[in-house]
> 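Quick one: the structure is below, and I'll ask about it shortly.
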Amino acid sequence: MEREFESPFSSGTPSTGSGSGDRGIDGFGPGFIRQGGVLECREVSLEELAERFGTPLYVYDSQGIADRVRAFQKAFQGVDFLLAYSVKANGNVAILDRIGALGAGADIVSGGELHRALTAGIPSERIVFAGVGKSEEEMEVALEAGIYSFHVESAGELRLLESVAARRDLTAPVGIRVNPDVVSPTPHEYTRTGHAASKFGVPVEQALELYRTARESPHLSLRGIDVHIGSQIVEVDPYLEALDTVLAMVDELGAEGLELEYLDLGGGFGVGYEGEAGLPLEALARAVVPRLASRGLRLLVEPGRAIVGPAGALLTRVRFRKRSGGKTFVITDGGMTELLRPSHYGGWHRIELVTQREDAPVAPVDVVGPVCETGDFLARDRELSVPEPGDLLAVGTAGAYGFSMSSNYNARLRPAEVMVEDGQVHLIRKRETVDDLLRGEVIPPRTPTPGTDES
Ligand SMILES: *Cc1c(COP(=O)(O)O)cnc(C)c1O
């Protein structure tokens with residue numbers, strides 16, 4: 001097979017690219033299936049993709065993404081509904097383009113994400129803007145763009161937003177992000193956001209006060225209310241608990257003559273990293289839809305992981321294997337710079353040999369990357385058919401918080417991303433080159449030092 005990329009280390013020439021029984025695999029989305037011993041994405045061999053585009057490589061299943069968007073839209077069809085996809089899960093413009101084309105909007109947390117969403121053609125009236133530390137410039141740009149709503153997370157932010165809107169003689173659409181004080185059962189404390197001691201949202205009583213004050217401002221229009229309790233939640237109850245709190249607020253404000261247009265239940269819908277069932281969407285919808293419909297409220301949700309997580313896999317090749325301290329280390333060409341989740345908050349991803357080795361012994365191994373950090377691993381003490389150098393591994397459910405959290409640490413070049421769609425393969429982001437690495441860096445002229453050759 002011809003390689004469609006050049007060495008990323010050759011400067012000046014950026015790499016270019018053109019674009020048996022079978023079974024599904026626990027911990028991988030439904031688009032990833034084994035055919036005759038080789039793992040495929042919608043009938044495209046992952047071995048071929050790795051040959052063609054190099055590794056590490058992100059592979060996304062376009063149909064898998066679309067199926068998830070439609071599953072949400074179907075589950076919540078009994079109410080006026082907007083899926084505001086959480087861009088931070090995976091912000092590649094090709095993916096945003098496909099999600100937007102299905103009628104979805106975007107939940108953004110920065111001016112950069114606004115730029116991504118608008119570039120992908122997502123209409124501004126389908127965009128909501130969250131985040132505890134929005135800058136004045138970000139507010140200006142979003143206001144000018146005409147986004148659907150600002151999810152305000154403090155009194156200070158509300159004041160700044162009002163002054164930005166007043167200066168331009170505009171009216172800013174607002175929803176207060178409420179902190180409902182729900183301790184959500186997320187796998188790691190870093191992904192919990194709905195308890196009183198988190199930095200997110202405004203406590204109930206203060207939030208009610210903000211609505212009452214903001215009501216008086218000609219430059220603020222109170223459009224809705226927002227809550228987001230955390231990430232990778234697989235139970236319905238915490239959502240209903242948060243919903244109860246927020247609906248009580250909606251009713252209280254309604255009694256004071258303040259009618260809100262929408263309620264945003266946030267994201268966080270869990271997926272099955274190990275092959276377990278994710279959040280039961282239909283059960284959630286059955287409980288939520290009637291309560292909103294009876295109040296004439298529009299429903300927004302902000303899923304990220306549940307849309308793109310299972311539709312992505314990371315391919316990485318084994319470079320070396322060694323034993324030390326009683327452990328077997330499998331050293332791969334991808335690590336924490338490509339997929340930070342294991343190292344950052346103990347994220348667990350299934351790892352599979354792309355081509356099965358029936359003869360290989362199964363033993364516990366540490367799958368580690370080339371980065372100079374002990375915390376650089378993809379899996380620890382994992383029972384695997386022990387791979388050989390050169391073998392290709394696939395890391396499952398890596399479509400969310402994978403590429404979007406990647407970095408250039410150790411001057412690593414961020415990987416390429418491809419999308420499999422209708423039997424075709426599209427390169428949707430080129431592998432970085434050393435020129436990308438130095439972009440924006442400047443070497444200032446040296447000050448001549450007296451007494452040296454340079455003086
Ligand atoms: C991160 C985030 C989401 C998405 O969370 P997922 O677990 O990916 O669904 C939604 N809303 C807000 C405000 C967020 O910060």
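We count ligands from 1, going down the list as the structure has it; atoms in each ligand are counted the same way. Basis for what follows: all heavy atoms, side chains included, without hydrogens, waters or symmetry-related copies.
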> Show me which atoms of ligand 1 lie under 4.0 Å from any heavy atom of P303.
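That gives atoms 9 (O) of ligand 1.
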> Can a non-hydrogen atom of G268 be found less than 4.0 Å from any atom of ligand 1?
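Within the 4.0 Å threshold, so yes.
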> Give the contacting part of V109 toward ligand 1: side chain, backbone, both or neither, where contact means a heavy-atom distance below 4.0 Å.
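Neither part.
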> Give the atoms of ligand 1, by number and element, whose distance to some non-hydrogen atom of R177 is under 4.0 Å.
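Those of ligand 1 that fall under 4.0 Å from R177 are 13 (C).
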> Side chain, backbone, both or neither: which part of E302 has a heavy atom under 4.0 Å from ligand 1?
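Both the backbone and the side chain of E302 come within reach of ligand 1.
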> Take atom CZ in R159; do more than 12 heavy atoms of anything else shown fall under 6.0 Å from it?
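Open.
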> Does ligand 1 have a heavy atom under 4.0 Å from the side chain of S231, from its backbone, from both, or from neither?
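It is both parts that get close, each with some atom under 4.0 Å.
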> Between E417 and Y60, do the side chains contain an N or O donor and an N or O acceptor separated by less than 3.5 Å?
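Looking only at side-chain atoms, Y60 and E417 do form a donor-acceptor pair, the distance falling under 3.5 Å.
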> For E241 and D237, indicate whether the former's side chain and the latter's backbone hold a donor-acceptor pair under 3.5 Å.
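It does not hold such a pair.
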> Are any side-chain N or O atoms of Y401 and backbone N or O atoms of G309, one a donor and one an acceptor, separated by less than 3.5 Å?
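Such a contact is absent between Y401 side chain and G309 backbone.
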> Ring centres under 6.0 Å, that's the criterion: do F72 and F81 meet it?
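Not close enough - the centres of the two rings lie 6.0 Å or further apart.
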> Any N/O of A130 closer than 3.5 Å to an N/O of ligand 1?
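So ligand 1 has no N or O lying under 3.5 Å from an N or O of A130.
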> Between R212 and E252, does any side-chain N to carboxylate O distance fall below 4.0 Å?
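Salt bridge: yes.
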> Check contact between H151 and ligand 1, using heavy atoms of the residue and a distance below 4.0 angstrom.
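Per 4.0 Å heavy-atom rule, H151 does not contact ligand 1.
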> Quick one: does E138's side chain have a donor or acceptor within less than 3.5 Å of a partner on G111's backbone?
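It does hold such a pair.
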> Please verify whether a non-hydrogen atom of A400 lies at under 4.0 Å from ligand 1.
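Contact check A400 vs ligand 1: negative.
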> Would you say Y401 and ligand 1 have an N/O pair spaced under 3.5 Å apart?
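Yes; at least one N/O pair falls below 3.5 Å.
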> Assess the side chains of Y58 and S406: does a donor N or O sit below 3.5 Å from an acceptor N or O?
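No, no side-chain donor-acceptor pair sits under 3.5 Å.
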> Just jot down the ligand 1 atoms closer than 4.0 angstrom to any heavy atom of S86, in number order.
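Every atom of ligand 1 under 4.0 Å from some heavy atom of S86: 1 (C), 2 (C), 3 (C), 4 (C), 10 (C).
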> What do we get for K88 next to ligand 1 when only non-hydrogen atoms under 4.0 Å count, side chain, backbone, both or neither?
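Side chain only.
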> Mind listing the side-chain donor-acceptor pairs of residues 265-285 below 3.5 Å, one per line with the distance, residues two or more places apart or on another chain?
residue : atom : partner : partner atom : Å
Y273    : OH   : R305    : NH1          : 2.6
Y273    : OH   : R341    : NH2          : 3.3
E276    : OE1  : E274    : N            : 2.8

> Taking distance alone, with N or O pairs closer than 3.5 Å, would you say D107 contacts ligand 1?
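For ligand 1, there is an N or O atom that lies under 3.5 Å from one belonging to D107.
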> Output the list of atoms in ligand 1 that are nearer than 4.0 Å to some heavy atom of G304, sorted by atom number.
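What qualifies from ligand 1 is 6 (P), 8 (O), 9 (O).
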